[in-house]
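The structure appears right after this line, and notes come after that.
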Amino acid sequence: MTRSNIALEPVLQSVAVIPVLIIDDVATAVPLARALVAGGLKVLEITLRTEAALEATKAIIDQVEGAITGLGTVLNAGQMKQAETIGAAFMVSPGGSPALLDAADDCSVPLLPGAATAGEAMTLLERGYGLQKFFPAEQAGGVPYLKSLSSPLAGIRFCPTGGVSPDNAGSYLSLPNVICVGGSWVAPADAVKSGDWARIEDLARTAAALKKGAAT
Ligand code: 3PG
């Protein structure tokens with residue numbers, strides 16, 4: 001069975017950068033998300049890596065106007081059910097195991113699965129996934145690797161994530177097979193901890209101004 005995630009195209013197309021958020025304290029979730037949205041980054045990924053992640057995601061979904069909120073680090077069917085239950089707009093996985101893709105076939109929330117090699121990307125494409133996360137982007141070969149996939153795998157567009165930074169984001173975004181990038185740099189842990197929402201809004205504004213398809 002194949003399941004297209006083409007429904008995600010307008011969501012990913014609408015932004016240059018998706019903040020990847022690791023939220024330890026539920027109390028920071030809503031002000032953090034408001035700062036990012038105010039800076040122009042409205043598509044948010046909250047990783048399921050902390051005790052607070054689900055409650056934090058639900059709080060953002062319920063309280064942050066304009067945010068399009070997804071769950072990241074989704075690794076199994078149970079977590080897909082949680083994403084469905086809280087009303088997540090999308091799910092992100094670091095890879096795409098057969099069991100995970102089977103579970104996604106039965107889930108109403110669109111999935112952005114990860115690939116790090118041509119073979120993994122082809123496996124996902126065979127299952128219907130024309131939109132994929134390239135992860136871990138820098139460690140897997142970075143811009144030159146992804147560029148070399150653009151001609152043979154022209155039917156796939158990627159969201160590179162992992163080691164993406166203000167220094168290299170523009171190079172990724174200039175590639176024809178990159179729809180947007182993901183990264184944690186727009187929400188530094190120290191700024192979140194100290195509640196420096198103005199700094200986060202500034203970082204978001206700079207990231208939101210990055211252009212796609214521009215030569216760097
Ligand atoms: C992650 O796994 O945490 C994401 O890919 C974000 O990576 P980054 O912290 O390198 O941006």
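Just so you know, ligand 1 is whichever comes first in the structure, and atom 1 is the first atom listed for that ligand.
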| Of all the non-hydrogen atoms in the protein, which one sits nearest to atom 2 (O) of ligand 1, and at what distance? | Arg49 NH2, 2.9 Å
| task | Any chance you could lay out the side-chain contact (heavy atoms from CB on, under 4.5 Å) test for Ile68 and Val43, step after step, and finish with the verdict? | result | CA-CA 5 Å; Ile68 299 173; Val43 181; 4.2 Å; yes
| task | Looking only at protein heavy atoms, identify the closest one to atom 5 (O) of ligand 1 and say how far it is in Å. | result | Thr161 CG2, 3.0 Å
| request: Report yes or no: does a heavy atom of Trp185 sit under 4.0 Å from some atom of ligand 1? | output: no
| query | So does Glu51 have more than 12 non-hydrogen atoms from other groups sitting under 6.0 Å from CD? | reply | no
| Hey, any chance Leu54 and Val109 share a hydrophobic cluster, counting ILVMFWY side chains that come within less than 4.5 Å of each other, even indirectly? | yes
| task | Give, for atom CG of Leu111 and atom CG of Leu131, the distance between the pair rounded to the nearest 0.5 Å. | result | 10.5 Å
| How far does OG of Ser148 sit from CG of Leu175, to the nearest 0.5 angstrom? | 10.0 Å
| task | Would you mind checking which non-hydrogen protein atom is closest to atom 11 (O) of ligand 1, with the distance to 0.1 Å? | result | Ser184 N, 2.9 Å
| Ligand-side contact atoms (ligand 1) for residue partner Gly163, heavy atom cut-off under 4.0 Å | 8 (P), 10 (O)
| request: With the side chain counted from C-beta on, respond yes when Leu112 and Phe90 share a heavy-atom pair under 4.5 Å apart, and no when they do not. | output: no
| field | Per-atom contacts of ligand 1 with Gly183, taking only distances under 4.0 Å to non-hydrogen atoms | value | 11 (O)
| said: Can you check which of Ala137, Pro160, Cys159, Gly162 brings a heavy atom nearest to atom 7 (O) of ligand 1? | reply: Gly162
